[in-house]
Amino acid sequence: MTIPNRTIFFVSDGTGITAETVGNGLLSQFEGIDFRQIRFPFVDSLEKADDCLVHIREVRQQEGIRPLVIMTMMNPQISAMLRQADALFLDLFEAFIAPMEQELGVRSTHIVGRSHGQSNREYATRIAAVNFALAHDDGVSDADLKNADVILVGVSRSGKTPTTLYLSLQFGLKAANYPLIPDDFERDRLPDTLLPFRDKLFGLTIAPEQLQRIRQERRPDSRYAALDNCRYEVAAAERLMRRAGINWIDTTSRSIEEIAVQLIQAIRRED
């Protein structure tokens, strides 16, 4: 039986981070389906909702199967407008807030963006962590690594950058990442820059076949993307990490959310 690919919309009157994070966690439970993701953040007016509605209807007509819509929507008028489309709607706020109101005996505020009303200190911490991740992406800078909460190492395109950004944005961790390159494999040891921070290092690895597909999209038909080179780099990186005593996670079939949770659990065990 062939399972059809599906389109999923993440729609929110805010940033959409909650809808996308929870939604991707749900999608990871369904193997064999290629989900095409479309994002509509800040749908906070009927005009924007109408534009989103048009796109949902177009996908339904073009694909001949109803799309999925995961929402975090506080405005009932906007929600009602969107639901005119033929789609499966999953409103995360609706699913959880009503039962909580009943249990607590109190009406929720229904204020858009309330979940982002963090304290100034928490907000500043996350922004600083994001800036740190961007400044220390792919080994661009080795300054201030002593202040990193975690440093990810692995071959190019193994998932280091999105993982560090997710850790910084969602958890406020100062995460750096450093690529392992052919020079490191020839020396068969970690770059000197990383040696003082061995206790902060965690590795990411990936199946060579998956790595080849990712690199092929970036640099088609290059030596960088060749399968034999991907196999060499992955094997060399794992051998290097094993020798250095670095724990690593295989990112091949894991979502960014799953990788981040595993890393946090590992960091806590280290502490």
Side-chain angles (χ1 to χ4, degrees), residues 6-31 33 35 37-53 55-56 59-60 66-130 162-163 165-173 254-268:
R6 303 292 290 267
T7 296
I8 180 165
F9 289 83
F10 295 112
V11 183
S12 176
D13 47 20
T15 63
I17 291 175
T18 300
E20 192 168 349
T21 301
V22 177
N24 278 311
L26 294 173
L27 298 186
S28 69
Q29 302 303 310
F30 298 91
E31 298 181 351
I33 304 177
F35 291 100
Q37 301 185 10
I38 300 176
R39 298 161 181 82
F40 274 89
F42 304 111
V43 181
D44 52 7
S45 70
L46 292 177
E47 182 180 2
K48 292 178 182 178
D50 185 60
D51 181 54
C52 183
L53 176 61
H55 281 78
I56 296 173
V59 167
R60 174 65 179 89
R66 64 179 187 165
L68 291 73
V69 181
I70 294 184
M71 302 193 301
T72 50
M73 190 64 61
M74 298 306 302
N75 188 311
Q77 288 181 299
I78 294 177
S79 181
M81 174 176 281
L82 293 171
R83 290 175 185 273
Q84 294 176 41
D86 182 18
L88 172 65
F89 287 90
L90 300 173
D91 191 324
L92 302 180
F93 284 171
E94 181 182 83
F96 295 107
I97 287 182
M100 288 185 67
E101 287 179 335
Q102 184 176 357
E103 180 67 25
L104 298 173
V106 178
R107 286 281 295 171
S108 65
T109 60
H110 281 67
I111 296 175
V112 175
R114 190 75 172 193
S115 63
H116 302 290
Q118 307 163 27
S119 68
N120 290 336
R121 179 178 297 179
E122 182 180 354
Y123 178 78
T125 296
R126 295 195 182 200
I127 293 301
V130 170
T163 301
L165 288 174
Y166 186 85
L167 287 169
S168 63
L169 181 61
Q170 294 296 319
F171 301 101
L173 293 178
R254 289 184 170 90
S255 66
I256 297 300
E257 294 84 357
E258 290 176 293
I259 297 168
V261 169
Q262 281 197 269
L263 283 169
I264 289 173
Q265 290 175 337
I267 292 169
R268 287 173 178 170

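Treat the numbers as computed from the prediction; the structure is a model and nothing was measured.
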**Report entry** Passing candidate, side-chain contact (heavy atoms from CB on, under 4.5 Å) with M71, options C52, S12, S79
**Finding:** S79
Query raised in the report: Looking at the rings of F40 and H55, which for Trp means the six-membered one, are their centres under 6.0 Å apart?
Result: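 Yes; H55 has its ring centre under 6.0 Å from that of F40.
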Within this structure, what is the [atom1]-[atom2] distance for the pair [X] and [Y], rounded to the nearest 0.5 Å?
X: D44; Y: D13; atom1: CG; atom2: CG; answer: 7.0 Å
X: Y166; Y: I259; atom1: OH; atom2: CD1; answer: 11.0 Å
X: I264; Y: L173; atom1: CD1; atom2: CG; answer: 5.5 Å
X: I56; Y: D86; atom1: CD1; atom2: CG; answer: 10.5 Å
X: R83; Y: M73; atom1: CZ; atom2: CE; answer: 9.5 Å
X: L53; Y: L46; atom1: CG; atom2: CG; answer: 11.0 Å

Contact check, side chains of [X] and [Y], non-hydrogen atoms, under 4.5 Å:
X: I8; Y: L27; answer: yes
X: Q265; Y: V261; answer: yes
X: V43; Y: I78; answer: yes
X: F89; Y: L68; answer: no

Where the side chain of [X] meets the backbone of [Y], is there a donor-acceptor pair that is under 3.5 Å apart?
X: N75; Y: S45; value: no
X: Q170; Y: L167; value: no
X: R66; Y: R60; value: no

Shortest non-hydrogen separation from [X] to [Y] and the atoms involved:
X: V59; Y: F9; value: CG2-CZ, 3.7 Å
X: R39; Y: Q37; value: NH2-OE1, 2.9 Å
X: V69; Y: A87; value: CG2-CB, 3.9 Å

**Report entry** V22/I70 under side-chain contact (heavy atoms from CB on, under 4.5 Å): CA gap, chis, key distance, verdict
**Finding:** CA-CA 9 Å; V22 177; I70 294 184; 5.9 Å; no
